[in-house]
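Here the structure is laid out as structure tokens; the discussion comes afterwards.
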Amino acid sequence: MQSGRRLVNIALIGFMGTGKTSVGRLVAELLRFEYLDTDELIQAQTGRSINEIFKTDGEPAFRALEQMIVEDLARRAKTVIATGGGLPVNPKNLASLKTHALVVSLWSSPEKIWERVRHQSHRPLLHDENPQAKIRELLAARESFYKQADVLLNTDLRSVREVAQQVVHQFRLEASGRG
Ligand code: S3P
């Protein structure tokens, strides 16, 4: 852990369907922290859905909104932040999150991800002829970014509660300087 970091928040990064929302909510409950989701913040600020933003303005416009939201998060404390799956691909986002949050990456196999997302339709990047191939392709392209987190947790064989407890444990360890 780099010195000079202010570990007052937890940021969950990782691909779509790795459990960021369910784990994040439980971690927030266990620590009595606030829970925030970058996609929800973008939707609240623009009054539009993620699908709509991608369709009318395109992905670059969405990524610009994402970066703006991330910069704002630096003012927060005692917050669990679940981030959109593509957010850590922008190095500025990851660098910004690391100034105030322990960054935890949730990792899953493409098969497990598919199992979790197949009946959902709110993710524009999976509106593809072959969503399973898309998941593999994006996951491979993003792996090196997800691995830049402080903590990596595989969620394939663990329950939401087990993963959340691990996150809380790591946070307590790191925040008290014993990590
Ligand atoms: C995206 C993931 C989504 C959302 C948007 C783009 C991505 O968030 O930000 O659809 O690029 O992987 P979730 O990871 O919460 O599904």
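First listed ligand is number 1; within each ligand, the first listed atom is number 1. The first residue of the sequence shown is numbered 1, and numbering continues consecutively from there.
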E71/Q67 under side-chain hydrogen bond (donor to acceptor under 3.5 Å, both in side chains): CA gap, chis, key distance, verdict: CA-CA 6 Å; E71 283 162 14; Q67 192 181 320; 3.2 Å; yes

Any pair counted as ring pair (Phe, Tyr, Trp, His ring centres under 6.0 Å), so long as it reaches residues 12-57, sequence neighbours left out: F33-F171, F54-F62

Apart from V89 itself, residues in the same hydrophobic cluster as defined by side-chain heavy atoms under 4.5 Å: F145

Distances under 3.5 Å, N/O of ligand 1 against N/O of the protein: list each pair and its distance.
from     : atom 1 : to   : atom 2 : distance (Å)
ligand 1 : 8 (O)  : D39  : OD2    : 2.9
ligand 1 : 8 (O)  : G85  : N      : 3.4
ligand 1 : 9 (O)  : D39  : OD1    : 2.8
ligand 1 : 9 (O)  : D39  : OD2    : 3.0
ligand 1 : 11 (O) : R63  : NH2    : 2.7
ligand 1 : 11 (O) : G86  : N      : 3.4
ligand 1 : 11 (O) : R142 : NH2    : 2.7
ligand 1 : 12 (O) : G86  : N      : 3.3
ligand 1 : 12 (O) : R142 : NH1    : 2.7
ligand 1 : 12 (O) : R142 : NH2    : 3.4
ligand 1 : 14 (O) : K20  : NZ     : 2.5
ligand 1 : 14 (O) : G85  : N      : 2.9
ligand 1 : 16 (O) : R123 : NE     : 2.6
ligand 1 : 16 (O) : R123 : NH2    : 3.4

Distance-only side-chain donor-acceptor flag, S108 / T155, under 3.5 Å: yes

Candidate pair R76 and E34, rule salt bridge (charged side-chain N to carboxylate O under 4.0 Å, His left out), full reasoning: CA-CA 10 Å; R76 302 252 170 197; E34 193 184 341; 3.5 Å; yes

Non-neighbouring partners of S22 that pass side chain to side chain contact (heavy atoms under 4.5 Å, CB included), sequence neighbours left out: V160

